[in-house]
Amino acid sequence: CSVSIPRPLGCSQCQLPHNHLRGSRAHRIATLSCSQTVAYIADGIKKLRAVQSDRPATLWRGMKNLRASDDFMAMRRGGTELAPMSTTSELSVAAHYGVGGGTLLFKIKGDSVLQIGASLEFLTALPGEAEICFPPLTYLQPTGRTQEVRIGKNCFHVVEVEPHLA
């Protein structure tokens, strides 16, 4: 069974196309492989981060058709990204991904290199995007600072968050 989607959740959440195996030993192994895949991705990003020295302290993540919920912002509760989280050091790139109704930009501020993901510029087909990848299960805690920013014709709601890697 090949893993096509990372799923950090248990067997009841497994979405792999092998319903005929449910309850069998093969299914338990396939479900375990999903969890292991996520762990390997997280471990790889952290190891890659350890050998990279120059990473920006401010990163951006653009999302369209979203807004920060009251629950996310209330008492700076925040939330966890279950999948690997792609960010960029280029505001224009994040804005491009966020263009649409209900545009949300996360301004990700890391106080130390231990709070920042790993650069994937050497792997990407789009090197101009300056991609920094965070491992799965990165917790984003709002700092309480928000602002509205206009870039060209588009208005973006910016929420500053602080990352905490699992």
Side-chain angles (χ1 to χ4, degrees), residues 3-10 12-17 34-35 37-46 48-49 52 55-121 123-166:
V3 176
S4 60
I5 54 171
R7 282 285 201 200
L9 303 173
S12 65
Q13 297 297 318
C14 186
Q15 299 296 314
L16 296 174
C34 293
S35 299
T37 300
V38 171
Y40 288 139
I41 291 170
D43 190 47
I45 290 171
K46 290 175 184 177
L48 187 57
R49 181 188 68 188
Q52 297 174 343
R55 285 181 305 280
T58 300
L59 298 169
W60 301 91
R61 179 167 171 84
M63 296 162 285
K64 61 182 168 185
N65 301 322
L66 285 178
R67 67 174 189 81
S69 69
D70 294 336
D71 192 45
F72 182 85
M73 296 298 293
M75 297 172 20
R76 296 180 24 185
R77 188 167 294 147
T80 301
E81 176 63 66
L82 297 178
M85 182 175 70
S86 179
T87 65
T88 180
S89 58
E90 300 295 327
L91 175 59
S92 61
V93 172
H96 170 76
Y97 281 101
V99 171
T103 300
L104 176 64
L105 287 177
F106 280 153
K107 181 178 183 179
I108 301 167
K109 299 286 282 187
D111 291 336
S112 75
V113 294
L114 297 177
Q115 285 183 292
I116 302 297
S119 173
L120 298 183
E121 281 189 83
L123 293 173
T124 185
L126 304 167
E129 291 193 357
E131 183 178 3
I132 306 288
C133 187
F134 284 80
L137 304 176
T138 298
Y139 173 71
L140 299 174
Q141 181 178 28
T143 63
R145 291 187 276 276
T146 63
Q147 61 183 341
E148 298 292 325
V149 175
R150 182 166 291 282
I151 301 173
K153 299 177 190 176
N154 301 300
C155 188
F156 298 89
H157 181 70
V158 178
V159 175
E160 187 177 292
V161 295
E162 185 176 280
H164 299 276
L165 281 64

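Just so it is clear, the values below take in all heavy atoms, side chains as well, and ignore hydrogens, waters and symmetry mates.
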Are K107 and E162 ion-paired here, with the side-chain N under 4.0 Å from a carboxylate O? no
Side chain R145, main chain V159, donor-acceptor under 3.5 Å: no
Counting only N and O atoms by type, is there a donor-acceptor contact under 3.5 Å from the side chain of E131 to the main-chain atoms of E121? no
Heavy-atom closest contact (P135 atom, K46 atom, distance): CG-CE, 4.2 Å
Do F156 and I151 come close enough that some side-chain heavy atom pair is under 4.5 Å? yes
Let me confirm one number: the OG1-CG distance from T80 to L82, rounded to the nearest 0.5 Å. 7.0 Å
Any non-hydrogen side-chain atom of L165 less than 4.5 Å from a side-chain atom of Y139? no
Hey, what do you get for OG1 (T143) to CD (Q141), rounding to the nearest 0.5 Å? 9.0 Å
Contacts table for residues 68-78: side-chain donor-acceptor under 3.5 angstrom, sequence neighbours left out:
| unit_1 | atom_1 | unit_2 | atom_2 | d |
| --- | --- | --- | --- | --- |
| S69 | OG | F72 | N | 3.0 |
| D71 | OD1 | R77 | NH1 | 2.5 |
| R76 | NE | P142 | O | 3.0 |

I41 versus P136: any side-chain heavy-atom pair under 4.5 Å? yes
With a 4.5 Å cut-off on side-chain heavy atoms, are M63 and F106 touching? yes
Within the structure provided, determine whether L91 and L105 are in side-chain contact (heavy-atom separation under 4.5 Å). yes
Indicate yes or no: at least one non-hydrogen side-chain atom of M85 is less than 4.5 angstrom from one of I108. yes
In Å, rounded to the nearest 0.5 Å, how long is the span from CG of L48 to CG of L120? 6.5 Å
Any side-chain heavy-atom pair from F134 and P84 closer than 4.5 angstrom? no
Return yes if some donor-acceptor pair links the side-chain N/O of T87 with the main-chain N/O of I132 below 3.5 Å, else return no. yes
So, does T88 use its side chain to make a donor-acceptor pair with the main chain of E129 at under 3.5 Å? yes
Does some side-chain heavy atom of H157 sit less than 4.5 Å from a side-chain heavy atom of R67? no
Distance (rounded to the nearest 0.5 Å) between T58 OG1 and K109 NZ: 3.0 Å
Minimum heavy-atom distance T138-P163, with the two atoms named: CG2-CB, 4.1 Å
Taking atom CD of E90 and atom CG of L59, what is their separation to the nearest 0.5 Å? 10.5 Å
Atom CG of L104 and atom NZ of K64: how far apart are they, to the nearest 0.5 Å? 13.5 Å
